[in-house]
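Written below as structure tokens is the structure these notes are about.
Since we're looking at a predicted model, the values are computed, not measured.
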Protein chains: 2
Amino acid sequence: MTRPTLDDVAREAGCSAKTVSNVVLGRPGASAATRARVEQAIARLGYVADPSGRQLASGRTGRIAVVVPDLHQPYFAETAERLILEIERAGMSSTLVIAGDQESELRAVASAQDVDGVIVCPHWLRDDLFDRSPPSRPTVQLGSGPTRVFDRVVMGEYEGFRRLTSHLLGQGRRRIALIWTGAEGVAPEGARYEGYRDALEEAGVALDPGLIAFGSDWDRRASGFEAMIALLASGRRFDAVLCVNDAMAIGAMRALRMRGVRVPGDVAVTGFDDTVEGAHLVPSLTSVSPRTGEMAATAVRLLRERVEGESGPPREVLVGVDLIVRDSG
Amino acid sequence: MTRPTLDDVAREAGCSAKTVSNVVLGRPGASAATRARVEQAIARLGYVADPSGRQLASGRTGRIAVVVPDLHQPYFAETAERLILEIERAGMSSTLVIAGDQESELRAVASAQDVDGVIVCPHWLRDDLFDRSPPSRPTVQLGSGPTRVFDRVVMGEYEGFRRLTSHLLGQGRRRIALIWTGAEGVAPEGARYEGYRDALEEAGVALDPGLIAFGSDWDRRASGFEAMIALLASGRRFDAVLCVNDAMAIGAMRALRMRGVRVPGDVAVTGFDDTVEGAHLVPSLTSVSPRTGEMAATAVRLLRERVEGESGPPREVLVGVDLIVRDSG
DNA sequence: CTGAAAGCGCTTACAG
DNA sequence: CTGAAAGCGCTTACAG
């Protein structure tokens, strides 16, 4: 009553193990008649290939590691879900690594074990970390980040922020605040910021640095709340606020509601990520949707190519975004 | 420049592979001197054991499958996160399976491959499904569900609902509605319902079946919304609503806000699960916290015992809950 | 198109 | 306390 092995099937079918292996792997090298005999034997014995033997012999695990900083923030949960389903669709399995700090995030990439490759949604990684501990497996990065050593799938952050800003300007709003992640006083930079800046410039509206508020990002919702409280306390007037992501927008809306500011009447609020949570808020959150399905599929494709031996320099694929106008602005 | 193997280490240390294996596995059977030589050799060569060889030889993968219906509902995302971190703490790795329908949920349990055991948060499973396809690996169930074939870790659902109901009664509320999951007209049953019923009975308040509203549960938030719209449309008076979980409470609050009903002034609202999302709502959601950390740790412990050979009938561990009173009721 | 044999990198009785 | 050998269940050149 022990599990049947490849040899059992071979004996049952009257052929060699090699032939059974060929049939199981769907390879050529088996006449139709032999193939049929093997398939019958497999069905009769209820044979299922043992992954351990296969892994040891082939050097492939058929498994991909997905690395995210956490699962309690909707963006990462939804991204992980997309990736896992996409990996399964590709006939592989996955292992989800939750890397809650820089050390574990680095280890997940530099010491990946028991997987053919890694897809990482980075939070703390920087290029220089890999000088001493290079990735142990082919690695693809999903989402923005400061690293340039892997293949990258990036979302249209510039495009998204530019379109959000233009959309608010189109409503006649002129005092458009920005809720940003990072230390107070460190000037914003990067694609999202440039999209905001360029849209204002195009409309001839001066960018007021006093309208930029910072959240510390230990928790996205909490830091959006914190940033908005600070912005309100500053006494500056504003009629819209662009938040760097949905989670911070949710925190910001909470602060506005507590202070009795009406959304979108007094202030329009926008997010970025198009999370389910934002869609269910009242008022529902205007946001930018990053086409996460396409991003996940692209990340899996790039990684599989690397696993198959693709060398060459790091590649970058830019995936488009969609503006999702809802009730908040 | 190929990876060093156990034999390389043995040669370097001047001993047999078996001894190296003993040292790596932290087993007795190696003098202090030998152990030191082996450890030096390991460090010198940068040896890391290959999981494939280990798996094939030992019959153990060191990996546990975690099965959830999805990751975009906060309860499942947070539960998966807890489990994965707990599994890692136990020195094992995990593979997260997202089973979006009954067939894949059953397959994840009945045809688990390449793992030592399975922890499932069931959504569609029923006992009779396992008559024909029994679990292929030791399996533990986390959360309530209609199955009795595995070890189960269940939360204090009865206690939680009873305490929530008593809490609302203590505020003087008497018309306490219930937002439930399931088909219209199918009488509610189970621990949560009994907690509600018994608390009302204890207070001498008659249970009004007209105050029970049903959501179809294809999406929790959406079905909470749907159920509340129907309840409001029924014209029945109520001053509180107990929702079967946080996600449905979030949908219900959205409906109340849309209709201009004040929370908690006109109607108190409570959830169940204590999700981060509920805590960030305005007004923040009163809920019951299931001690998810303890549940996850218990599930992992039970499963490891089964993997180690524990036989015996299915066990059940009841984990307590905490009442979390916030602003919504 | 198919076979017999070697080998992937470990662990595990079996000896001593 | 340690060694030599067999074996886990596959795949992969090598032959024919």
Side-chain angles (χ1 to χ4, degrees), chain A residues 1-39 41-42 45-63 93 113-116 136 307-309, chain B residues 1-39 41-42 45-63 91-93 113-116 136 307-309:
Chain A
M1 188 50 214
T2 174
R3 274 182 66 166
T5 71
L6 201 66
D7 284 325
D8 297 329
V9 177
R11 209 171 304 119
E12 178 86 8
C15 67
S16 76
K18 146 102 178 165
T19 303
V20 178
S21 179
N22 281 151
V23 171
V24 170
L25 297 178
R27 295 206 174 136
S31 63
T34 309
R35 185 177 305 276
R37 278 210 322 283
V38 169
E39 278 162 358
I42 287 175
L45 298 177
Y47 171 74
V48 183
D50 180 320
S52 306
R54 178 172 286 178
Q55 284 169 37
L56 184 56
S58 69
R60 290 283 179 81
T61 64
R63 195 178 305 113
S93 65
Q113 281 279 334
D114 216 9
V115 293
D116 294 336
S136 59
V307 171
E308 299 304 330
Chain B
M1 187 50 214
T2 174
R3 275 183 66 168
T5 72
L6 201 67
D7 283 327
D8 297 330
V9 177
R11 208 170 305 120
E12 178 87 7
C15 67
S16 76
K18 145 99 177 169
T19 302
V20 178
S21 178
N22 280 151
V23 171
V24 170
L25 297 178
R27 295 208 174 136
S31 63
T34 310
R35 186 176 303 278
R37 279 210 322 283
V38 169
E39 278 162 358
I42 287 176
L45 298 178
Y47 171 74
V48 183
D50 180 321
S52 305
R54 178 172 286 177
Q55 284 169 36
L56 183 57
S58 70
R60 290 283 178 82
T61 64
R63 195 178 304 113
M92 310 184 73
S93 64
Q113 281 279 331
D114 214 10
V115 293
D116 294 337
S136 59
V307 170
E308 300 304 331

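When each of C15(B) and G53(B) is assigned the nucleotide of DNA chain D with its nearest heavy atom, C15(B) is the one assigned upstream, toward the 5' end. Of the residues near DNA chain C, L25(B) and T34(A), the one whose nearest nucleotide (by heavy atom distance) lies more toward the 5' end is T34(A).
Distance K18(A) NZ to dA15(D) C1': 11 Å, rounded to the nearest Å. In this structure, D7(A) atom CG and dC10(D) atom P are separated by 8 Å, rounded to whole Å. Rounded to an integer number of Å, the gap from CZ of R11(B) to P of dG9(C) is 12 Å. Rounded to an integer number of Å, the gap from CD1 of I42(B) to C1' of dG9(C) is 14 Å. D50(A) has its CG atom 10 Å from the P atom of dT11(D), to the nearest Å. Atom C1' of nucleotide dC1(C) and atom CZ of R27(A) are separated by 16 Å, given to the nearest angstrom. In this structure, Q55(A) places its CD atom 14 Å from P of dG9(D), rounding to the nearest Å. Between the CG atom of D114(B) and the P atom of dG9(D) there is a distance of 14 Å, given to the nearest Å.
Across all strands shown, dA13(C) forms no Watson-Crick or G-U wobble pair with both distances under 3.5 Å.
Formation of a donor-acceptor pair under 3.5 Å by the S58(B) side chain with backbone atoms of R54(B) is found in this model.
The side chain of R54(A) contributes an N or O atom lying less than 4.0 Å from OP1 or OP2 of dT11(D). An OP1 or OP2 oxygen of dT11(C) is reached within less than 4.0 angstrom by no side-chain nitrogen or oxygen of S58(B). Within the structure, every side-chain polar atom (N or O) of R60(B) is placed at least 4.0 Å from both OP1 and OP2 of dC8(D). Between dC10(C) and S21(B), no contact under 4.0 Å exists linking OP1 or OP2 to a side-chain N or O.
When all heavy atoms of R63(A) and D114(A) are compared, the pair lying nearest together is NH1-O, 2.7 Å.
Atoms CD and CD1, from E12(A) and I42(A) in turn, are 11.0 Å apart once rounded to the nearest 0.5 Å. In this structure, OG1 on T34(B) lies 11.0 Å from CD on E39(B), to the nearest 0.5 angstrom.
The side chain of L56(A) lies closest to dG9(D), out of dC8(D), dG9(D), dC10(D). Among the nucleotides dG3(D), dC10(C), dC10(D), the one closest to any side-chain atom of S16(B) is dG3(D). Considering only side-chain atoms of L6(A), the nucleotide from dC8(C), dC10(C), dT11(D) that sits closest is dT11(D). For T19(A), the side-chain atoms get nearest to dT2(C) when compared with the rest of dG3(D), dC10(D), dT2(C).
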L56(A) and Q55(B): CA distance, side-chain angles, deciding distance, side-chain contact (heavy atoms from CB on, under 4.5 Å) verdict: CA-CA 9 Å; L56(A) 184 56; Q55(B) 284 169 36; over 6 Å; no

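Nucleic acid contact class of A49(B) (heavy atoms, under 4.0 Å, all strands): sugar-phosphate only.
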